[in-house]
**Student:** 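This is the structure, below, for whatever I ask next.
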Amino acid sequence: MRRALAVLAAVPLILFAAACGSDDGSGTTASTGGSSGVKVAGNVGAKPTVTFPSGTPATTSSYEVIQPGDGTGVKAGDRVIVNLTVYNWDGKDNKVQGSSYDTKAPETIAVNEQLPQVLQEGFTKVKGGGRLMAVLANDAVQGQQQAAPAEPTKVFVFDVVGTRPAPLKAATGTETKESIKGVEVVNPGGEKAPTLTTKTKEKAPKDLVVKTLITGTGEKVTANQTLSVHYTGKIWGTDKQFDSSWERGEPAEFPLGQVIQGWQKGLVDVPVGSRVMMSIPPEMGYGSQEQQGIPANSTLVFVVDVLGAY
């Protein structure tokens, strides 16, 4: 699935042909076949049924609006939340590569210049509750290096859930003065990164410890959401930093259910806009496995700004 999604950002130029779909009025949508001959059926909000024409797969990329939707429109620059299903159109098995309806984890796609042109345009033709079908063929890689073998033509079916509000720039709220013994955090204010110090002779806590440094005023995080966060991570006792989104200059985004247990348990019910500090024992982090410069059996310490939850 992730490999298929990489296609969305890997190709800068795509020729496209647009065609409109139809709605039979019963809540079930069905395409007219469009220029590609691919037909899409089923209810928006459920995994679609896709029928491929016989013969050679399309060599020209295109999009087709299956259902325009009646919610908020999508415009350039939006971050659109979609359920998507991806197929390899190889003219043989035409197998499904993945579907967010199976994983129960909608994807967020930025409608910007990094997206293939065919999708930049296609997404602006649908609204919340709509369905878009896109054929991405190998004409998408024109102008790029051709050393890699050609990928099968791919067919994406996107069900638009909605658009995401922009995340906060930094934690905003009331400072609590909470702390963890042996760890220091200095909050400089504004959008500046806090300073985390973990060099201490104090013994690391055996259990997960979560302290709220700034209490936000947003909705509380739930376990099935995707988060936008800034964070810095260090190792207890050594002050060794192993990661920082602040230093990279942009927040990290991830489904909460796909990160280490310490984050999964520590960030649930935290209000958006909060800054929290977490001490995570090895069994809720990376355990006995060394991980990208983090020694085995390390207690991890994070300071995290929760900027958005979707």
**Student:** Any side-chain to backbone donor/acceptor pair from Gln264 onto Val259? Under 3.5 Å, distance only.
**Tutor:**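 At least one qualifying donor-acceptor pair exists.
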**Student:** Under 4.5 Å between side-chain heavy atoms, hopping through other hydrophobics if needed: is there a path connecting Tyr231 to Val209?
**Tutor:**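 As far as the 4.5 Å side-chain criterion goes, Val209 and Tyr231 are not connected within one cluster.
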**Student:** Donor-acceptor pair, distance only, cut-off 3.5 Å: does the side chain of Gln120 make one with the backbone of Leu115?
**Tutor:**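 Yes: the side chain of Gln120 pairs with the backbone of Leu115.
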**Student:** Tell me whether Val118 is reachable from Val111 by hopping between hydrophobic residues (I, L, V, M, F, W, Y) whose side-chain heavy atoms are closer than 4.5 Å.
**Tutor:**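 Both belong to a single hydrophobic cluster.
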**Student:** I need the full list of side-chain hydrogen bond (donor to acceptor under 3.5 Å, both in side chains) pairs touching residues 292-310, with sequence neighbours left out, sorted by first then second residue.
**Tutor:**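 Qualifying pairs: Arg275-Asp305.
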**Student:** CD of Glu184 to CE of Met277: how many Å apart, nearest 0.5 Å?
**Tutor:**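 The CE atom of Met277 is 9.5 Å from CD of Glu184, to the nearest 0.5 Å.
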**Student:** Restricting to non-hydrogen atoms, name the atom on Gly216 and the atom on Ser274 that form the minimum distance, rounded to 0.1 Å.
**Tutor:**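 Looking at all heavy atoms of both residues, the closest pair is N-OG, 2.8 Å.
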**Student:** What do the steps show when you test Phe156 against Leu132 for side-chain contact (heavy atoms from CB on, under 4.5 Å), and what is the final call?
**Tutor:** CA-CA 8 Å; Phe156 289 79; Leu132 177 72; over 6 Å; no
**Student:** Does any part of the side chain of Ile235, heavy atoms only, come nearer than 4.5 Å to the side chain of Pro295, both counted from C-beta?
**Tutor:**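 In short, these two side chains touch, coming nearer than 4.5 Å.
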**Student:** When the side chains of residues 45-59 are checked against the rest of the protein, which donor-acceptor pairs come out under 3.5 Å, sequence neighbours left out?
**Tutor:**
residue: Lys47; atom: NZ; partner: Asp102; partner atom: OD2; Å: 2.9

**Student:** I need the Glu64 CD to Lys39 NZ distance, nearest 0.5 Å.
**Tutor:**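 The CD atom of Glu64 sits 10.5 Å away from the NZ atom of Lys39.
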**Student:** Roughly how far apart are Asn83 CG and Glu107 CD, rounded to 0.5 Å?
**Tutor:**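 Answer for the CG-CD pair, Asn83 versus Glu107, is 9.0 Å.
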**Student:** Who are the side chain to side chain donor-acceptor pair (under 3.5 Å) partners of Thr215, not counting sequence neighbours?
**Tutor:**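 Residues passing side chain to side chain donor-acceptor pair (under 3.5 Å) with Thr215: none at all.
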**Student:** Which heavy atom of Thr124 sits nearest a heavy atom of Ala76, and at what distance?
**Tutor:**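 In this case the closest contact between Thr124 and Ala76 is CG2-N, 4.0 Å.
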**Student:** Between atom OH of Tyr63 and atom CG of Leu119, what is the distance when rounded to the nearest 0.5 Å?
**Tutor:**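 Atom-to-atom, Tyr63:OH and Leu119:CG are 10.0 Å apart.
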**Student:** Can you tell me if Gln289 uses its side chain to pair, donor with acceptor, with the backbone of Tyr286 under 3.5 Å?
**Tutor:**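 No: the side chain of Gln289 does not pair with the backbone of Tyr286.
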**Student:** In this structure, would Ile81 and Val272 fall into the same cluster of hydrophobic residues linked by side-chain contacts under 4.5 Å?
**Tutor:**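 No, it is not one cluster - the side chains of Ile81 and Val272 are not joined through contacts under 4.5 Å.
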**Student:** Has the side chain of Trp236 got a donor or acceptor atom that lies under 3.5 Å from a matching backbone atom of Thr200?
**Tutor:**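 Flag not set: sc Trp236 to bb Thr200 has no pair under 3.5 Å.
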**Student:** Verify side-chain contact (heavy atoms from CB on, under 4.5 Å) between Val155 and Met133, making sure each step is shown before the conclusion.
**Tutor:** CA-CA 7 Å; Val155 172; Met133 186 269 288; 4.0 Å; yes
**Student:** Can Tyr87 and Val38 be said to form a side-chain contact (heavy atoms from CB on, under 4.5 Å), step by step?
**Tutor:** CA-CA 11 Å; Tyr87 294 81; Val38 176; over 6 Å; no
**Student:** Could you tell me the separation between the CE atom of Met284 and the CD1 atom of Ile260, rounded to the nearest 0.5 Å?
**Tutor:**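 Interatomic distance, Met284 CE to Ile260 CD1, rounded to 0.5 Å: 8.5 Å.
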**Student:** Does Asp93, at its CG atom, have more than 12 non-hydrogen atoms belonging to other residues, nucleotides or ligands within less than 6.0 Å?
**Tutor:**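 More than 12 within 6.0 Å, yes.
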**Student:** Do Leu307 and Ile214 share a hydrophobic cluster, counting only Ile, Leu, Val, Met, Phe, Trp and Tyr and linking them when any side-chain heavy atoms are less than 4.5 Å apart?
**Tutor:**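 Per the 4.5 Å side-chain linkage, Leu307 and Ile214 are not co-clustered.
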**Student:** Only counting residues at least two apart or in another chain, list the ones meeting ring pair (Phe, Tyr, Trp, His ring centres under 6.0 Å) with Phe302.
**Tutor:**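 For Phe302 the ring pair (Phe, Tyr, Trp, His ring centres under 6.0 Å) partners, ignoring immediate neighbours, are Phe242, Trp263.
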**Student:** Which heavy atom of Phe158 sits nearest a heavy atom of Leu84, and at what distance?
**Tutor:**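 Closest approach of Phe158 to Leu84, heavy atoms only: CD2-CB, 3.9 Å.
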**Student:** So, for Arg131 and Ala41, which heavy atoms are closest and what is the spacing to 0.1 Å?
**Tutor:**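 Looking at all heavy atoms of both residues, the shortest contact is NH1-O, 3.8 Å.
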**Student:** Can you check whether Gln225 reaches Leu256 side chain to side chain, under 4.5 Å on heavy atoms?
**Tutor:**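 They are not in side-chain contact.
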**Student:** CG of Asp90 to NZ of Lys154: how many Å apart, nearest 0.5 Å?
**Tutor:**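 Taking CG in Asp90 and NZ in Lys154, the distance rounds to 10.0 Å.
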**Student:** Apply side-chain contact (heavy atoms from CB on, under 4.5 Å) to the pair Leu208 and Ile280, showing each step before the final yes or no.
**Tutor:** CA-CA 5 Å; Leu208 173 68; Ile280 300 176; 3.8 Å; yes
**Student:** Which heavy-atom pair separates Lys234 from Gln241 by the least distance, and what is that distance?
**Tutor:**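 The answer is CG-CA, 3.6 Å.
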**Student:** State whether the side chain of Lys211 and the backbone N or O of Thr176 hold a donor-acceptor pair below 3.5 Å, judged by distance alone.
**Tutor:**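 Between the backbone of Thr176 and the side chain of Lys211 there is no qualifying donor-acceptor contact (under 3.5 Å).
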**Student:** Side chain of Asp78, backbone of Val80: donor and acceptor closer than 3.5 Å?
**Tutor:**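 Not a single qualifying donor-acceptor pair exists.
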**Student:** Any link between Leu136 and Val65 through a network of hydrophobic side chains (Ile, Leu, Val, Met, Phe, Trp, Tyr) touching at under 4.5 Å?
**Tutor:**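 Linked within one cluster.
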**Student:** For Pro194 and Val185, which heavy atoms make the closest approach, and how far apart are they?
**Tutor:**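 Nearest heavy atoms, Pro194 then Val185: CB-CG1, 4.0 Å.
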**Student:** With salt bridge (charged side-chain N to carboxylate O under 4.0 Å, His left out) as the test, would you mind laying out the steps for Asp243 and Arg248 before giving the verdict?
**Tutor:** CA-CA 9 Å; Asp243 199 5; Arg248 291 195 297 273; 2.5 Å; yes
**Student:** Any side-chain heavy atom of Val126 within less than 4.5 Å of one from Pro68?
**Tutor:**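 No; the side chains remain at least 4.5 Å from each other.
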**Student:** With sequence neighbours excluded, what pairs up with Lys265 under the side chain to side chain donor-acceptor pair (under 3.5 Å) test?
**Tutor:**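 Checked Lys265 against side chain to side chain donor-acceptor pair (under 3.5 Å); zero matches.
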**Student:** Considering only residues two or more places apart or on different chains, which pairs with a residue in residues 160-175 satisfy side-chain hydrogen bond (donor to acceptor under 3.5 Å, both in side chains)?
**Tutor:**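 Listed by first then second residue: Thr108-Arg164, Arg164-Glu253, Glu175-Asn187.
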**Student:** Using a 3.5 Å distance criterion without hydrogens, assess whether the side chain of Asp239 forms a donor-acceptor pair with backbone atoms of Thr198.
**Tutor:**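 Between the backbone of Thr198 and the side chain of Asp239 there is a qualifying donor-acceptor contact (under 3.5 Å).
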**Student:** Would you say that more than 12 heavy atoms from the other residues, nucleotides or ligands in this model lie under 6.0 Å from the CD of Glu219, or not?
**Tutor:**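 No, the 6.0 Å shell around CD holds no more than 12 heavy atoms from other groups.
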